[in-house]
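This report refers to the structure that appears directly beneath it.
Every chain is numbered from 1, with letters handed out A, B, ... down the list of sequences.
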Amino acid sequence: MPELPEVETVRRGLAPHLDGARLVEVEQRRPDLRFPFPDDFAARLRGARIGVLTRRAKYLLAPLDTGETLVAHLGMTGRFTIEEGGGPDTPGLFHHAAGADPKHTHVVLTTDRGVCVSYNDARRFGYMTLIPTAQLGMSPYFKGLGPEPLDERFAPATLIHAFAGRRQSVKATLLDQRVVAGLGNIYVCEALHRARLHPERAAGEIGVAEIKRLVLAIRTVLSEAIAAGGSTLRDYRSADGALGYFQHAFKVYGREDDPCVSPRCSGVVQRIVQGGRSSFFCGRCQR
DNA sequence: CCCACGACCTGTGGGC
DNA sequence: TGCCCACAGGTCGTGG
């Protein structure tokens with residue numbers, strides 16, 4: 001799935017088409033994604049005007065003039081695609097979800113500007129819901145979320161506090177959205193490499209100087225990834241169909257058995273499994 | 001409370 | 001070529 005940089009890239013691609021637009025048609029093609037759609041989902045969206053699209057963690061948020069906010073999570077394979085000047089199934093239309101199988105297009109929004117925005121999700125780990133805007137912060141989706149890593153409120157003190165006494169690995173701790181919001185498997189691996197921290201280190205045993213390196217590494221890798229339009233491995237594309245290219249800047253992710261690219265490091269990238277997910281790291285410069 | 005693990009789905013790529 | 005298994009960017013629920 002898209003992690004924070006990919007979701008942010010999708011938001012930036014959708015915003016020019018959706019900010020301030022009215023939804024004139026909403027098509028919901030199945031009763032559920034990961035969870036059932038809320039009751040009368042399409043009817044509650046139809047006719048609504050969207051305010052300014054935002055992002056929190058890996059969620060996209062579209063506030064509506066009905067008092068509700070459309071909340072969308074892309075799961076692993078969720079993709080929003082913009083299709084201008086024709087319906088979602090118009091033959092010959094350019095980038096028909098840019099390679100996505102149309103049988104997995106589950107929601108199609110049409111705006112008063114003649115733009116179709118379709119949601120395609122092969123694995124259906126994503127979901128959409130509607131929450132009263134005034135209650136967003138107290139909703140179960142957002143209540144426990146940690147700080148945005150690119151917000152100044154995310155600081156060494158955040159992790160010093162979260163790591164204290166924690167025996168869980170630093171890898172698993174950073175994947176915990178209650179600690180810091182928006183990181184996923186790729187960017188945790190990349191940030192730990194930049195901070196020269198071994199993914200199996202217990203969070204509680206990481207020192208203050210190391211935490212400072214880690215906070216900087218997280219900020220840097222996310223900022224660079226957003227600037228590159230995210231990472232495209234297989235499914236991910238931005239809303240306008242563009243490929244991200246940050247994957248070319250990976251230093252460890254997906255590079256098992258390749259040489260470590262750190263200056264003056266002669267190590268080799270290895271892969272281990274932690275909590276059922278692959279961790280890539282260099283055992284020589286990450287300690 | 002903490003943590004590890006299976007479950008949820010479908011597609012793809014590698015090895016044989 | 002074809003089949004089968006491992007694995008994939010994320011969470012959520014369960015059970016120890």
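Applying the ring pair (Phe, Tyr, Trp, His ring centres under 6.0 Å) test to residues at least two apart or on different chains, the pairs with a partner in residues 253-275 of chain A are A/Phe250-A/Tyr253, A/Tyr253-A/Phe280. Note on residues 149-181 of chain A: no pairs pass ring pair (Phe, Tyr, Trp, His ring centres under 6.0 Å), not counting sequence neighbours.
Side chain of A/Asp240 to backbone of A/Gly13: no donor-acceptor contact under 3.5 angstrom is found.
Nucleotides of DNA chain B nearest to A/Arg178 and A/Gly276 differ in position, and the one nearer the 5' end is that of A/Arg178.
A/Gln177 has no side-chain polar atom (N or O) that falls below the 4.0 Å cut-off from OP1 or OP2 of C/dG10. Taking 4.0 angstrom as the limit, A/Thr77 places none of its side-chain polar atoms (N or O) nearer than this to OP1 or OP2 of C/dG9. Close to C/dG9, at under 4.0 Å from its OP1 or OP2, lies no side-chain N or O of A/Lys58.
Distance, A/Gln274 CD to C/dA8 P: 13 Å, rounded to whole Å. Between the C1' atom of C/dC7 and the CE atom of A/Met76 lies a distance of 9 Å, rounded to the nearest Å. A straight line from CZ of A/Arg123 to C1' of C/dT11 spans 12 Å, rounded to a whole angstrom. The nearest whole Å value for the distance from the CD atom in A/Glu190 to the P atom in C/dG9 is 12 Å. Atoms CD (A/Glu256) and C1' (C/dA8) sit 15 Å apart, rounded to a whole Å. A straight line from CG of A/Leu222 to P of C/dG9 spans 16 Å, rounded to a whole angstrom. Here the P atom of nucleotide C/dG10 and the CG atom of A/Leu4 are 11 Å apart, to the nearest Å. In this entry the distance linking CZ of A/Arg277 with P of C/dA6 reads 18 Å, nearest Å.
Between chain A and DNA chain B, the heavy-atom contact criterion of under 4.0 Å yields a 5' to 3' nucleotide range of B/dC3 to B/dG11.
Residues satisfying the salt bridge (Lys or Arg N to Asp or Glu O under 4.0 Å) test with A/Asp40, not counting sequence neighbours, are none. Applying the ring pair (Phe, Tyr, Trp, His ring centres under 6.0 Å) rule to A/Phe41 yields the partners A/Phe37; only residues at least two apart in sequence or on another chain are considered. A/Glu205 pairs by the side chain to side chain contact (heavy atoms under 4.5 Å, CB included) definition with A/Ala202, not counting sequence neighbours. Partners of A/Arg153 under the salt bridge (Lys or Arg N to Asp or Glu O under 4.0 Å) rule, at least two apart in sequence or in another chain, are A/Asp151. By the side chain to side chain contact (heavy atoms under 4.5 Å, CB included) test, A/Arg167 is found to be paired with no residue, residues two or more places apart in sequence or in another chain being considered.
Contact check on A/Glu148 versus A/Arg55 returns a salt bridge, with a Lys/Arg side-chain nitrogen under 4.0 Å from an Asp/Glu carboxylate oxygen. Under the 4.0 Å criterion applied to side-chain N and carboxylate O atoms, A/Arg29 and A/Glu27 are assigned as salt-bridge partners.
To the nearest whole angstrom, the two P atoms, one in C/dT14 and one in B/dC9, are 15 Å apart. For C/dG9 and B/dG14, the P atoms lie 16 Å apart once the distance is rounded to whole Å.
Hydrophobic cluster membership for A/Phe281: A/Ile272 (Ile, Leu, Val, Met, Phe, Trp, Tyr linked by side-chain heavy atoms under 4.5 Å, directly or transitively).
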Going by atom type alone, with no hydrogens or angles, which donor-acceptor pairs under 3.5 Å involve a side-chain atom of residues 127-138 of chain A and a protein atom two or more places apart or on another chain?
from     : atom 1 : to      : atom 2 : distance (Å)
A/Tyr127 : OH     : A/Tyr59 : OH     : 3.0
A/Thr133 : OG1    : A/Gly67 : O      : 3.1
A/Thr133 : OG1    : A/Glu68 : O      : 3.3
A/Thr133 : OG1    : A/Thr69 : N      : 3.4
A/Thr133 : OG1    : A/Thr69 : OG1    : 2.7

When you compare the protein's N or O atoms with those of nucleotides 12-15 of chain C, which come within less than 3.5 Å of each other, and at what distance?
from   : atom 1 : to      : atom 2 : distance (Å)
C/dC12 : O4'    : A/Arg34 : NH2    : 2.7

**Study point:** Strand DNA chain C in bracket notation, Watson-Crick/G-U under 3.5 Å with | for pairs to another chain
**Key:** .|||||||.|||||||

